[in-house]
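In the text below, chain A, chain B and the rest are named by the order of the sequence lines, each starting its count at 1.
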Amino acid sequence: MIPFDMVEPASLQEAVSLLDPQEPTIRPVAGGTALMLMMKSGVFQPTRLVCLHRIEPEHARITLVADGALRIGAMATLRQVEKDADVAARLPVLKRAMRTLSNVRVRNVARVGGALAHGDPHMDLPPVLAALGARVAIAGPKQSREMPLEDLYAGYYETVLEKNELITAVMVPALDGRKAAYMKVTSRTADDWPSLGVAVSFAMKNGTISDPVVVVSAATAKVTRMKTAEAALNNAAPDDASLRRAGDAAAEEAEVLSDAHGSAPYKRELLRVYLRRAVRQALDGSAE
Amino acid sequence: MMTTARTIAFTLNGQQVSTMIEPHRNLVELLQRFDLFGSRESCGQGLCGCCTVLVDDVAVSGCLYFAVWVDGKSVTTVEHLDADGTLSPVQQAFIEAGAFQCGYCTPGFILMSHQLLKEHPNPSDDDIRHYLSGNLCRCGAYPEIIEAVKLAAKR
Amino acid sequence: MTEAGRELPRLEARAKVTGRAEYTHNLRLPGMLYGKVFRSTVPHGRLRRIDTAAARALDGVHRVITGEDIRRLIPEPYYGPAFHDQPILALDKVRHVGEPVAVALAADPHVAERAVQLIAAEYEELPAVYDEVAAMRPDIVVHDMLKPAGTFADLKHLKGRTGTNVALDYHLRRGDPDEAFKSAAHVFEHTFKTQQCLHVPFEPFVAMAEPADNALVIHTSNQTPSFVRTEIARLLGWPENRVRVKVPYLGGGFGAKVYVKLEALVAALALIVRRPVKVALTMEEQFYVITKHPTTFRIKSGVDTDGRIVARACEVFWNGGAYADIGPRVTQKSGFTSPGPYDIDNVRIDSYELYTNRTPAGALRGFGIPQLVWAYESHTDLIARELDVDPVAFRRRNILRDGRPQASGTAMKDAAVAEVLETLAARMGWNDNQPFDHGGGAIRRGRGIAIGFKASISPTTSVAIVNVSADGSAVLYTSTVDMGQGSDTAYAQIVAEVLAVKTEAVRIVHPDTDVTPYDMGTLGSRSLFHMGNAVRLAAEDALAKLRALAAEAGLPEGTNYPPAEIFKKRFGMQAGNVIGAASFMPTYKSPDPQTGLSDNVTPFWMIGGAGAEVAVDTETGAVRVEKLVNAADCGRPINPAVARTQLSGAATMQLGFTLSEVMLLDGGQVTNASLADYKIPGIRDIPPMQSELVAAEQHSGPFGAKGLGESGTFGVSPAIANAIHDAVGVRITELPITAEAVFRALRQQAGRPLEDA
Ligand SMILES: Cc1cc2nc3c(=O)[nH]c(=O)nc-3n(C[C@H](O)[C@H](O)[C@H](O)COP(=O)(O)OP(=O)(O)OC[C@H]3O[C@@H](n4cnc5c(N)ncnc54)[C@H](O)[C@@H]3O)c2cc1C
Ligand code: FES
Ligand code: FES
């Protein structure tokens, strides 16, 4: 790696002030796992990294908010999320997703903020959290803002964050009886970046699906909600025919890309199948 | 290019040490300065675990961990596991089960198994696969590694 | 026997579990420089200009070296075991993406790395060829003139040849295949392909050279120290005794680290700058050094009405990449086994090694055999299916039984082909009269088996020295490299068996060409047989000398005095030592240049096979291997515990080559040069496995043993393809068998082919 400077501010505001809205070679670093990979391959050569390790400890906390929502601080490690009792009790789908997200060593050091800000469409946390209706809190030099998680993503490895903005937390609403599942489909070895990620959540009302959210990742350039598939599922009974209709709608709607994980036509077929499987898994709570 | 070497102080295998190091060096390089080679860079990407080190008793990939970050922390490498002259139960079990061939990946598997057994003293097969899925063995000693972990758990 | 056949942990076990085992990777020397390699970005081109000014100007850079600098030191800086075709750094032309073009040297590897980014090269791009069959046409020629090394008789006719990419053509003719095809009741013809893949030793290539007084010391992670010494001496025009090659443990080799890889480069660099120079490649760079041959295999068989194979024609094209490396040997040594372990009277083999503009290909765990078994066992299965004969029964009818001549004319001796087949059948429950459960719904199940065989590399030499000290402890000197296969321990067991001491009392000196005697190389599963025999003979020599010493000391003959007492009696104190030495080279007859036949083509045969049960998800094409049985004949194992792990380890590696591993190319550029995108099996990919050593004996081997390191690879790929066919009725003819490939085949079969990307 090429030499650079590292600063370790003691507060979030100081960290923001050390970032430069115009300078792409200055970046925040959380767990460093994604950044290091980019630096080693020469994709990213920083002049300065702003390390977030010493900012206020509250940014590393996972807290249960009054309405049953969880507020996960951006500096919480992925391992913390995985081990958190509230997460386990309230958002089992999130805990389950952690088990195949990279590996224990990476999760020991990677932070939620890094996992959300990196913008690689193959990552697991964004689709799961987006399907759960999560919102991200963002701090900038002047003001803070908040948005639905899926709006954070602008394209392939692209977010709407300004260079001097930091994610401070992600808020995940309570499930309130909604069903949820995430399917990570790897096509080469068991531990791999997925060819396709499908996350769903919905409520069941009188035997029909209501208010569904369907999110696709990995096969597309960015985490994307599948509105036509959601429409196909809404108010439908979860029978084979409607699940197939929804799968077909998603396959039609998603802008699927070809890569080493599979051709676009193949991944569209996977989407058809796994959308169905995801809904079924959400219903019976089984893990695969 | 400007780069500032800084002094870091940390506990290395039970001893207080300090050294000057620049931010662009990773933990594996730092350990080499102390003639510790059991953590070694192979894939360089967090996937194979050959570079595993315990930082504050938690396993990390030394290849993806900035050296300056161990300032004030406690670092344990595979070389420390037999500090009292006897092999750890995991090390002993790896020998008995024949859980390695070339041995390059072995320190990483052993340190991961330490974290596993600390958190799950009676690991299921699934737990073992879960904790060790971030370690690769090109010699394909996986069946013996699983056996070794079970053997160590029994002790 | 007490020591040979004993199951004990590797002697170096403690060093390995404590992280203290010695690898070249660990080594550093005062004043050493790190070299980082600047590599070609074009697959084929004339080198017009290299601009190193900016790199040289960088703070901390010691020097930047190009091919021309090396040419000043070594006028003909081309190396290679079969052809002298590979320049130490590119000269005039580059022939594959990733070829080394220049090296930046600095005391800090990060500085050298930065310097490499500042080097620029200009090329006049030439059209490139990547496919082995296309390379048969001479319109794009990778080397202007062929330069065989002169060591191999069957390459002589290629010397000075121009306008071709064929680096070896091997032909075998047995019986009258044309006539036999004409009269055969059925004729089957198929084409199979394999992909380019990689060894991926976890200790990436690393070497260091250190100028010494009138000599050069090379420390390297290499499987062939003796060859390295000879080749570096040849390049430098020095006598061999001025080059010293030292090899500690290897963090894996698998055939990648044979012959010269980084050694010529570090030697030249160290001599130019007169300082120790270390070059340690990254995982990514391993993709530009050496790979496994992609192949195209056209196979045709004639079968009579009794289901006997009467004729087989094999046409094999080996994609050797930009430099021949050991590819021509692969083509010939594996070539003659192309028809498989079957008793066939009429055989035609045409095997071609081709230059292309890819990363060179060499030997990878099986020396070409897994590519061949993939084809002939897939083909054999297809024939059985066509004829509606049980695949095991069909093989039983046709396999080469002990004593029968193989296609080359050499008899199968001590070759447990039938036993391996029967072991697989038994472990797979093939003989139970239970119908196999093929599953239902979206998940369909199937099973398949496959067997393969291999000849050893011949004629080759191994030399060993056993030194018995006055206290009776022994030290063994060999140039075999222990890269994980357990040779140190096996040899110690052999010495211990002969000297009647405990294995733990024998110490092994690692290869150091100033100290340890010659060995052809640790490759092709040859070591346990060749060096093992040399070790046994050397130990016996030591024993004879001990007995003579006892006689000199006046001890009565026939009594078993412990060595320590003999020394004490003879020298009056704990003094002296006894040195036993021996060399071993089996007999060999090279194949007739016209017919390719020889009745003594190998000193022993290796037999291996696999049985697989799979579950196929018909909605996605995903294949899950639910059971993998491996069986092999390794003679009588010296250390059965270690031997079984060789078998399962090899099978695991082949599982990767079967299902997930492939080097992807785009315009000659490898697009997945990292473990993130080149996927090797992890712990969650390993099926339940059984690994069986069949009861056998190699009469000419040390204590009945022979090599095993590769046998576990042979049958895995076709066993899985055969099982998939059994499950869902589609045939995959190209590796790797991806879920998408299976899915596409299923859709094709259903008459609804999936559109292309
Ligand atoms: C071996 C390996 C396997 C992996 N496998 C998976 C997988 O299966 N699934 C998966 O989802 N991911 C996987 N990953 C990716 C992993 O999840 C990310 O590397 C990790 O989440 C990034 O977190 P970090 O804290 O290390 O981020 P860093 O590397 O520190 O930062 C990543 C990016 O986010 C920016 N950033 C960090 N924090 C903030 C913040 N608070 N506000 C704004 N920007 C910020 C950084 O500037 C940088 O651009 C894998 C990674 C590795 C190394
Ligand atoms: S080298 Fe760090 S995980 Fe492979
Ligand atoms: S023992 Fe060689 S890589 Fe695991």
Side-chain angles (χ1 to χ4, degrees), chain B residues 1 22 24-25 29 32 35-48 50 77-82 87-88 90-111 128-146, chain C residues 7 9-10 12-23 25-26 28 59 109-110 114 199-204 249-254 280 282-284 482-486 641-642 644-646 648-653 655-656 674-676 680-686 688-689 691 712:
Chain B
M1 183 165 314
E22 302 97 324
H24 67 279
R25 309 218 182 252
E29 287 174 84
Q32 288 173 353
D35 287 325
L36 295 168
F37 300 105
S39 157
R40 37 187 82 119
E41 190 155 331
S42 180
C43 74
Q45 293 189 308
L47 292 155
C48 72
C50 290
T77 70
V78 71
E79 286 93 341
H80 193 55
L81 299 182
D82 66 340
L87 296 175
S88 75
V90 176
Q91 288 174 312
Q92 190 59 44
F94 266 63
I95 293 180
E96 279 168 40
F100 49 89
Q101 297 185 17
C102 78
Y104 216 68
C105 68
T106 313
F109 272 101
I110 288 176
L111 289 172
I128 296 175
R129 289 201 168 79
H130 172 204
Y131 275 71
L132 300 184
S133 67
N135 293 64
L136 296 169
C137 174
R138 187 50 159 173
C139 297
Y142 299 113
E144 296 80 30
I145 290 169
I146 293 173
Chain C
E7 299 209 335
R10 290 156 201 277
E12 77 284 8
R14 193 178 175 112
K16 282 182 175 171
V17 299
T18 56
R20 297 196 184 93
E22 203 193 320
Y23 301 96
H25 167 82
N26 306 3
R28 48 223 64 215
D59 223 20
H110 293 284
R114 172 85 185 120
H199 311 69
V200 198
F202 273 13
E203 176 195 36
Y249 287 113
L250 257 60
F254 314 114
T282 61
M283 186 56 82
E284 177 186 346
D482 197 329
M483 48 192 167
Q485 81 279 33
V642 171
R644 274 191 298 272
T645 63
Q646 280 295 296
S648 54
T652 298
M653 199 167 193
L655 193 67
S674 82
L675 289 198
I680 68 170
I683 202 162
R684 287 201 255 228
D685 298 300
I686 306 306
M689 242 193 286
S691 298

Query raised in the report: Quick one: what part of C/Ala641 sits under 4.5 Å from any heavy atom of chain B, side chain, backbone, both or neither?
Result: neither
Query raised in the report: Of the listed residues (B/Val90, B/Leu36, B/Leu87, B/Thr77), which shares the most heavy-atom pairs with chain C below a 4.5 Å separation?
Result: B/Leu87
Query raised in the report: Looking at B/Ile128, B/Asn135, B/Leu47, B/Ile145, which one has more heavy-atom pairs under 4.5 Å with chain C than the rest?
Result: B/Leu47
Query - Heavy-atom proximity to chain B below 4.5 Å, by part of C/Tyr23 - result: side chain
Query raised in the report: Where does C/Gln646 contact chain B at under 4.5 Å (heavy atoms): side chain, backbone, both or neither?
Result: both
Query - Pick from B/Cys105, B/Ser39, B/Cys43, B/Gly98 with the largest number of heavy-atom pairs that fall under 4.5 Å of chain C - result: B/Cys43
Query raised in the report: Is it the side chain or the backbone of C/Leu250 that comes within 4.5 Å of chain B heavy atoms, both, or neither?
Result: backbone
Query raised in the report: Counting heavy-atom pairs under 4.5 Å to chain C, which of B/Ser88, B/Gly38, B/Cys102 comes out on top?
Result: B/Cys102
Report task. Flag the pair C/Arg644 and B/Glu144 as a salt bridge only when some basic side-chain nitrogen lies within less than 4.0 angstrom of an acidic carboxylate oxygen. Result -> no
Query raised in the report: Relative to chain B, which segment of C/Pro109 carries a heavy atom at a distance below 4.5 Å: side chain, backbone, both, or neither?
Result: neither
Report task. Kindly write out the residues that satisfy salt bridge (Lys or Arg N to Asp or Glu O under 4.0 Å) with C/Arg14, not counting sequence neighbours, or none if the list is empty. Result -> B/Asp82
Query raised in the report: Is there a donor-acceptor contact under 3.5 Å linking the side chains of C/His110 and B/Glu22?
Result: no
Report task. Using non-hydrogen atoms and a 4.5 Å limit, figure out which bit of B/Cys50 sits close to chain C: side chain, backbone, both or neither. Result -> side chain
Query - Donor on one side chain, acceptor on other, C/Thr282 and C/Glu284, under 3.5 Å - result: no
